[in-house]
S.K.: 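Provided herewith is a single structure, encoded as C-alpha cells, for subsequent inquiry.
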There are 2 protein chains.
Amino acid sequence: MSTSLLSPVSRDPHLATRVALLDAAERLFSQNGIEGTSVREIIKAADANLGAINYHFGTKDRLALEVFARRIAPVNRERVARLDALEAEVGRRKLKLEQILDALVRPALEAEGRGAKNCDDLMRLISRSFQEQNTEVKKFVEQQFAEVAHRFDAAILRAVPGLPPDDLFWRMCFLHGALHHGLQTWLQFDQTPHAMLHPDAIKPDREGLIQRLISFMAAGLSAPVSKAR
Amino acid sequence: MSTSLLSPVSRDPHLATRVALLDAAERLFSQNGIEGTSVREIIKAADANLGAINYHFGTKDRLALEVFARRIAPVNRERVARLDALEAEVGRRKLKLEQILDALVRPALEAEGRGAKNCDDLMRLISRSFQEQNTEVKKFVEQQFAEVAHRFDAAILRAVPGLPPDDLFWRMCFLHGALHHGLQTWLQFDQTPHAMLHPDAIKPDREGLIQRLISFMAAGLSAPVSKAR
DNA sequence: GTATGCATGAAACAAACGTATGAAATTTTG
DNA sequence: CAAAATTTCATACGTTTGTTTCATGCATAC
C-alpha cells in the first residue's frame, strides 16, 4: 500500500494509537453512549492495551470529551463560515430563511471526514451530543454552540421580521429537536422496522432529508406568533 | 394524618414497597436514565431492602419496563381518546390541524398523576422514553405508540390535503423531535443557564409551551412539499 | 554503543454492579 | 392460636467497572 494514502497523522507512530482510540471510541460512543461503552471494548476495537486510554487521556471521561470535541468544533466552525459567506455574498440585501437554515443544517449532515461508514458514526455522535448526560461533555457542547446560536439567531431574526426574541428561542429549540431526532431516525432507518406502521415511508438520500428538514423548519419559524403568552 | 389522604394502593401493604420502588425508579430514571441508575440508589430512595427489586420485579430491566409502561400507556390512551372525542364532535366535517395536534401534545405535557414535582419527573420520563437505548423498553414504547401514530397520521392526512404519506412520515418524525426536545428544555429551564446566550428567553407556563409547540408544528406540517425527492 | 525518554505490555487493584441465598419477621389463612 | 405463606432483611457471590503499577520494549540522542 502506498503510504501517500495514509494521512500524516496516522503515519506518525507517536499519535497512531491515540487516533485509533479516538476513532474506536467515536464509533462505540455514537452507538451505545459513553456510559454504555467500557474502556475494554474501546481498547479491543482499537487493538490497543488496557492501559492505553489512561496513559493517553488520563481518564475515560477525558477521552469522551476529546472524542466529541474533535468532531463538533469543526461542524460549528463550518456553520459559521457558511453563514459568513452567505452574508458577504448578499451584502445589505436580506437573506432568505432557507439559505440560513441550509448553512445551519448541512454541516451536521454532510460531515464527511473519512469513509462512508464512519460518516454515519460521526453524524450519530453529533446527534447524540445533544442528549449525552455526561456533565463535562454537555457543558462543552453548549459552550461550543453558543457562538453558532448567537450568529444564527441574529440572522433568522432579520429574515423573519416581527418574530419576538423569546419566541425565537423556543422555535430554535424545537428546530434542534427536529434536526437531531430526524437525523437519528434517518441514520437507523434500515435497522428500524416501520414497515408495519409506515409502509409508505422511504429513506430519502441525504439531500432529500436536508430539503425536508429545511422546509419544515422554515415553515415552523415563519408560523404566526400565538397570542397566548 | 388522615388515611383518606393516602391513595388506596399506597395503603395496601401488599403493594406499598412495590409502588415505592416504581416511584423512586421513575424519578431516578427520568433524571439519570436506566443505565445511570443503580439498584442500590433506587432501594435507598424507596427506603427498601436491596433484595426488594429482584423479589418484586425479578430483574432491574423488568422494573424499568414497568416504570415506563405505567406512565406511557395512559398518555397514549389519552391521546387516542381525545382524537376520538374530536372526531365524534365534528362528525363528517374536517378537523383543524391545530385541534389534532392539541390532542397529540397535551396529554404528554399535562400528565398530572400526583404532586407537582412528580409531574415533572413523569414528563421527563416520557420524553426520555424516546431516547432510551434499553432494547426492551424501546420495543415497548414503539409498539405502544403504533396505534397512536396510525390514528394521528390518518387524521393529519385529512387535515393537510395533498401531503404525500412519505412526507408525512418525516414531518411526524421532526414533530416528535421538536416535542421531546422542547419538553426537556422547558423542564430544566431553570437549571440551565441560557442567560448569557438568550437573555430574552423566558419560561412560558405550560399552556404557553403547548401553544408555541402547536403553532410551530402546524406550520411545519403545512409547509409546501419540497420538489427534490 | 550505551544511556535516556516515551510507549506498550500483562497483571492486579479496589470499588460498584446486578443478582442469589437463607434466615428472620410479618401477614394471611385455617 | 397455630400453621402456612409472603415479605423483609443482612449478607455474600461472581462480574464488570475504571484505574494503577511496574516491568518490558523501543526508539532517539549523546
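Here is how names work: the chains are called A, B, and so on, in the same order as the sequence lines, proteins then strands, and each is numbered from 1. For the numbers below, each heavy atom of this structure counts, side chains included, while hydrogens, waters and symmetry mates do not.
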S.K.: Do other residues, nucleotides or ligands put more than 12 heavy atoms under 6.0 Å from B:Asp47 CG?
M.R.: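 No, the 6.0 Å shell around CG holds no more than 12 heavy atoms from other groups.
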S.K.: I want to know whether B:Phe145 and B:His176 have ring centres closer than 6.0 Å.
M.R.: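 Between B:His176 and B:Phe145, which both carry aromatic rings, the centre distance is below 6.0 Å.
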S.K.: Any protein N or O atoms within reach of nucleotides 16-21 of chain D? Criterion: under 3.5 Å, listing atom names and distances.
M.R.:
from, atom 1, to, atom 2, distance (Å)
D:dG18, OP1, A:Lys60, NZ, 2.6
D:dG18, OP2, A:Val39, N, 2.9
D:dG18, N7, A:Arg40, NH1, 2.8
D:dG18, O6, A:Arg40, NH2, 2.9
D:dT19, OP1, A:Thr59, OG1, 2.6
D:dT19, OP2, A:Asn54, ND2, 3.4
D:dT19, OP2, A:Lys60, N, 2.9
D:dT19, O5', A:Asn54, ND2, 3.4

S.K.: Counting Watson-Crick and G-U wobble pairs whose two distances are both under 3.5 Å, find the runs of 3 or more in a row that involve DNA chain D.
M.R.: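 Looking at DNA chain D, the stems formed by three or more consecutive pairs are C:1-5 with D:26-30, C:7-12 with D:19-24, C:14-27 with D:4-17.
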S.K.: Out of curiosity, A:Thr192 OG1 to A:Gln184 CD, how far, rounded to the nearest 0.5 Å?
M.R.: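 Reported value, rounded in 0.5 Å steps: 10.0 Å.
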S.K.: Between B:Arg79 and B:Arg106 (side chain of the first, backbone of the second, donor and acceptor by atom type, cut-off under 3.5 Å), is there such a pair?
M.R.: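 A pair under 3.5 Å: no.
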S.K.: Can we say B:Arg70 and B:Glu26 salt-bridge, meaning some charged N sits less than 4.0 Å from an Asp/Glu carboxylate O?
M.R.: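 Yes, B:Arg70 and B:Glu26 are salt-bridged.
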S.K.: Within this structure, what is the CZ-to-C1' distance between B:Phe57 and D:dT7, rounded to whole angstrom?
M.R.: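 Those two atoms, CZ and C1', are 14 Å apart.
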S.K.: Do A:Arg18 and A:Glu66 have side-chain heavy atoms sitting under 4.5 Å apart?
M.R.: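 Sidechains of A:Glu66 and A:Arg18: in contact.
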S.K.: Figure out the CG/C1' separation between B:Asn49 and C:dT21, and round it to whole Å.
M.R.: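 Atom-to-atom, B:Asn49 to C:dT21, this comes out as 12 Å.
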S.K.: Between B:His56 and D:dT8, is there a contact of a side-chain N or O with OP1 or OP2 at under 4.0 Å?
M.R.: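 Indeed, a polar side-chain atom of B:His56 lies that close.
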S.K.: Count the heavy atoms of every other residue, nucleotide or ligand shown that sit under 6.0 Å from CD of A:Glu41, and state whether that count exceeds 12.
M.R.: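 Enclosed: over 12 neighbouring heavy atoms sit under 6.0 Å from CD of A:Glu41.
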S.K.: Is A:Asp166 paired with B:Arg212 through a side-chain N to carboxylate O contact shorter than 4.0 Å?
M.R.: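 Result for this pair is yes, salt bridge flagged.
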S.K.: Using modelled atom types and a 3.5 Å cut-off, is there a donor and acceptor pairing between side-chain atoms of A:Ser127 and backbone atoms of A:Leu183?
M.R.: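 Checked: no pair found.
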S.K.: Using whole Å, report how far CG of B:Leu15 lies from C1' of C:dT26.
M.R.: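 Distance, rounded to whole Å: 16 Å.
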S.K.: State, with a plain yes or no, whether a side-chain heavy atom of B:Leu109 is found less than 4.5 Å away from one of B:Leu179.
M.R.: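 Side-chain contact under 4.5 Å: yes.
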S.K.: Please report, rounded to the nearest Å, how far the P atom of C:dG9 is from the NZ atom of A:Lys44.
M.R.: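 To the nearest whole Å, that distance equals 15 Å.
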S.K.: Taking atom CD1 of B:Ile34 and atom CD of B:Gln133, what is their separation to the nearest 0.5 Å?
M.R.: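 Between B:Ile34 CD1 and B:Gln133 CD, I get 9.0 Å after rounding to 0.5 Å.
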S.K.: Scan nucleotides 23-27 of chain D against the protein and return all N/O pairs shorter than 3.5 Å with their distances rounded to 0.1 Å.
M.R.:
none

